[in-house]
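We number each residue from 1, following the sequence as shown.
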Amino acid sequence: GAEGTTLMSYFSRNQIRALKPKITFSTLRDLECPVLQSNELQGKPEESCSTEELFEWLGAVLNQVSLDNKSSSFLSTYCCPQPNTVVEKAFLCTITGFIIPEKIIQLLEQLCCYFGEPKLAYWLTLTVHGFADSPVSWRECEHGFHKGGENLYNFVIFRNLDYWLQMAVGTNDGCPP
């Protein structure tokens, strides 16, 4: 209606424009991946990794940290937790921008459909990062981005459609039940 026309003229007059999310794809080759069991959140020595080990490993992979545990010009090293397996090819898709919750649910549903056909993967993940300077975190609590900015959640979906939900929020942020 008339309000929409006024609103659109406001945006164009002030040079405000809509941006589409940026999508990047990459293939990771010969990637060491933790062995996970959907019913073992704490992991079992020599059988599976814990949720904490996966979360740390996933952060390293998403930030393109070298996982070879070789020191060079830095002080610390990192390697994939044990037990692990080498995956010949892993697919990484990154979408950057403002994505509404309905689209995230749609992505999650599409990922669950991945296991509808026989696949080699035992599990996959969907990680959602909130903006570090978001004014609101969970439960309408003020987001404490001055103290760290953590604001993310991660779904780990298994072949049998069991899943883990991992969340990371700042010390002063509210967290869902």
Side-chain angles (χ1 to χ4, degrees), residues 1-12 14-28 31 33-34 36-41 49-65 87 90-117 119 121-177:
E3 297 85 15
T5 305
T6 305
L7 187 60
M8 291 307 291
S9 67
Y10 170 80
F11 286 137
S12 62
N14 290 295
Q15 298 178 344
I16 298 170
R17 58 188 167 89
L19 299 175
K20 294 193 184 285
K22 177 184 170 192
I23 302 173
T24 57
F25 301 98
S26 59
T27 301
L28 307 173
L31 179 66
C33 294
L36 304 176
Q37 298 294 328
S38 64
N39 59 347
E40 291 295 336
L41 296 172
C49 296
S50 69
T51 58
E52 292 88 3
E53 290 172 314
L54 169 73
F55 201 62
E56 184 176 66
W57 172 84
L58 191 58
V61 170
L62 295 175
N63 286 293
Q64 300 173 350
V65 171
V87 174
F91 187 66
L92 177 63
C93 173
T94 304
I95 304 171
T96 306
F98 183 78
I99 304 167
I100 60 174
E102 291 81 4
K103 290 292 182 187
I104 294 169
I105 292 168
Q106 201 175 30
L107 279 169
L108 191 57
E109 290 170 348
Q110 288 298 310
L111 288 173
C112 289
C113 290
Y114 174 82
F115 293 116
E117 299 174 24
K119 303 288 185 193
Y122 291 99
W123 53 269
L124 52 85
T125 67
L126 171 66
T127 304
V128 179
H129 286 265
F131 294 104
D133 61 351
S134 171
V136 176
S137 78
W138 303 101
R139 292 185 158 185
E140 299 182 13
C141 293
E142 183 177 337
H143 181 49
F145 77 96
H146 293 294
K147 300 187 186 318
E150 298 86 358
N151 184 11
L152 66 104
Y153 57 94
N154 180 58
F155 282 96
V156 182
I157 306 156
F158 293 90
R159 188 184 280 177
N160 63 0
L161 298 183
D162 283 352
Y163 69 92
W164 295 346
L165 174 59
Q166 301 169 300
M167 291 183 257
V169 295
T171 309
N172 297 329
D173 292 342
C175 192

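Among residues two or more places apart in sequence or in another chain, the salt bridge (Lys or Arg N to Asp or Glu O under 4.0 Å) test is passed with Glu102 by none.
What you find for Leu31 and Ala90 is that their closest heavy atoms are CD2-CB, 3.9 Å. Residue Leu111 comes nearest to Thr125 through the heavy atom pair CD1-O, 4.2 Å, listed as atom of the first residue, atom of the second, then distance. The heavy-atom pair separating Pro34 from Leu54 by the smallest distance is CG-CD1, 4.1 Å.
Note that the CD atom of Gln106 and the CD atom of Gln110 stand 6.5 Å from one another [nearest 0.5 Å]. Note that OG1 of Thr127 and CG of Leu62 are 5.5 Å apart. Values are rounded to the nearest 0.5 Å. Put simply, CD on Glu53 and CG on Leu36 are 9.5 Å apart, with the number rounded to the nearest 0.5 Å.
At least one side-chain heavy atom of Ile157 sits less than 4.5 Å from a side-chain heavy atom of Leu108. Two residues are said to be in side-chain contact when any heavy atoms from C-beta on lie closer than 4.5 Å; Ile95 and Leu107 meet this criterion. Using a 4.5 Å cut-off on side-chain heavy atoms (C-beta onward), Thr24 and Leu92 make no contact. Here the side chains of Leu124 and Phe115 are in contact, with some heavy-atom distance below 4.5 Å.
Counted within 6.0 Å of OH on Tyr122, heavy atoms from surrounding residues, nucleotides or ligands total 12 or fewer; the atom is thus considered open.
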Verdict with supporting geometry, Ile99 and Val128, side-chain contact (heavy atoms from CB on, under 4.5 Å): CA-CA 9 Å; Ile99 304 167; Val128 179; over 6 Å; no
Contacts table for residues 162-169: side-chain donor-acceptor under 3.5 angstrom, sequence neighbours left out:
{"from": "Asp162", "atom 1": "OD2", "to": "Ser38", "atom 2": "OG", "distance (Å)": "3.2"}
{"from": "Asp162", "atom 1": "OD2", "to": "Asn160", "atom 2": "ND2", "distance (Å)": "3.2"}
{"from": "Trp164", "atom 1": "NE1", "to": "Ser38", "atom 2": "O", "distance (Å)": "3.0"}
{"from": "Gln166", "atom 1": "OE1", "to": "Asn154", "atom 2": "ND2", "distance (Å)": "2.8"}
{"from": "Gln166", "atom 1": "NE2", "to": "Thr51", "atom 2": "O", "distance (Å)": "2.8"}

